Amino acid sequence: MFLWMHPIVVITCFITKKLQLMLSRQTLNRIIILGFMVLVGFCLAKAMYHKSVMGIILAFISLGAGVYFLYIAAKAKEEMERETQAIKEEAL
């Protein structure tokens with residue numbers, strides 16, 4: 001039997017690939033958030049350059065929506081971790 005066909009090697013490769021995907025997803029999420037904030041900042045700068053009151057207001061609203069989304073996402077993650085911890089404690 002070839003070494004690469006051994007079940008332990010196959011499982012190890014699967015776990016390694018899964019961990020790499022999880023890391024890349026977190027990195028991708030951070031890049032998307034950073035890109036959104038950069039675009040909002042660019043819109044705010046362009047609105048200030050053109051002295052557009054409506055543009056400035058809309059840019060601040062977008063910035064507030066992005067920050068609020070991050071707040072809610074962090075809160076949801078915290079709550080999920082708390083529930084997972086409670087389930088683990090009940091199992092013991």
Side-chain angles (χ1 to χ4, degrees):
M1 186 192 242
F2 295 108
L3 180 63
W4 62 271
M5 293 178 66
H6 194 275
I8 294 175
V9 173
V10 172
I11 290 171
T12 305
C13 290
F14 176 75
I15 291 172
T16 304
K17 285 183 181 181
K18 186 116 174 130
L19 287 175
Q20 288 175 350
L21 288 174
M22 288 175 20
L23 290 175
S24 65
R25 182 176 177 175
Q26 182 182 17
T27 305
L28 182 62
N29 286 343
R30 289 182 177 175
I31 290 172
I32 290 171
I33 291 168
L34 180 67
F36 176 77
M37 294 299 176
V38 166
L39 285 174
V40 169
F42 177 75
C43 290
L44 183 61
K46 286 295 264 184
M48 287 180 178
Y49 176 76
H50 291 289
K51 298 178 183 166
S52 170
V53 176
M54 183 184 283
I56 292 170
I57 291 170
L58 291 175
F60 277 124
I61 289 172
S62 296
L63 182 62
V67 170
Y68 185 66
F69 169 76
L70 291 177
Y71 168 75
I72 288 185
K75 197 173 180 181
K77 182 179 177 185
E78 200 174 277
E79 187 174 326
M80 279 180 36
E81 289 174 356
R82 204 176 320 125
E83 288 178 5
T84 305
Q85 187 68 21
I87 291 171
K88 285 181 182 179
E89 288 175 2
E90 286 178 8
L92 295 177

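All values reported here derive from a predicted model rather than from experimental measurement.
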Quick check for you: to the nearest 0.5 Å, what is the distance between Ile31 atom CD1 and Thr27 atom OG1?
6.5 Å
Are Ile33 and Leu39 linked, directly or through intermediate hydrophobic residues, by side-chain heavy-atom contacts shorter than 4.5 Å (ILVMFWY only)?
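Looking at the clustering, Ile33 is in a separate group from Leu39.
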By salt bridge (Lys or Arg N to Asp or Glu O under 4.0 Å), Arg82 pairs with (sequence neighbours left out) Glu78
Acceptor/donor pairs from residues 83-92 side chains to any protein atom, 3.5 angstrom cut, sequence neighbours excluded:
{"unit_1": "Thr84", "atom_1": "OG1", "unit_2": "Met80", "atom_2": "O", "d": "2.8"}

Taking the hydrophobic residues Ile, Leu, Val, Met, Phe, Trp and Tyr, and joining any pair whose side-chain heavy atoms are under 4.5 Å apart, which ones share a cluster with Tyr71?
Tyr68, Ile72
When the side chains of residues 41-66 are checked against the rest of the protein, which donor-acceptor pairs come out under 3.5 Å, sequence neighbours left out?
{"unit_1": "Ser52", "atom_1": "OG", "unit_2": "Gly55", "atom_2": "N", "d": "3.1"}
{"unit_1": "Ser62", "atom_1": "OG", "unit_2": "Leu58", "atom_2": "O", "d": "3.1"}

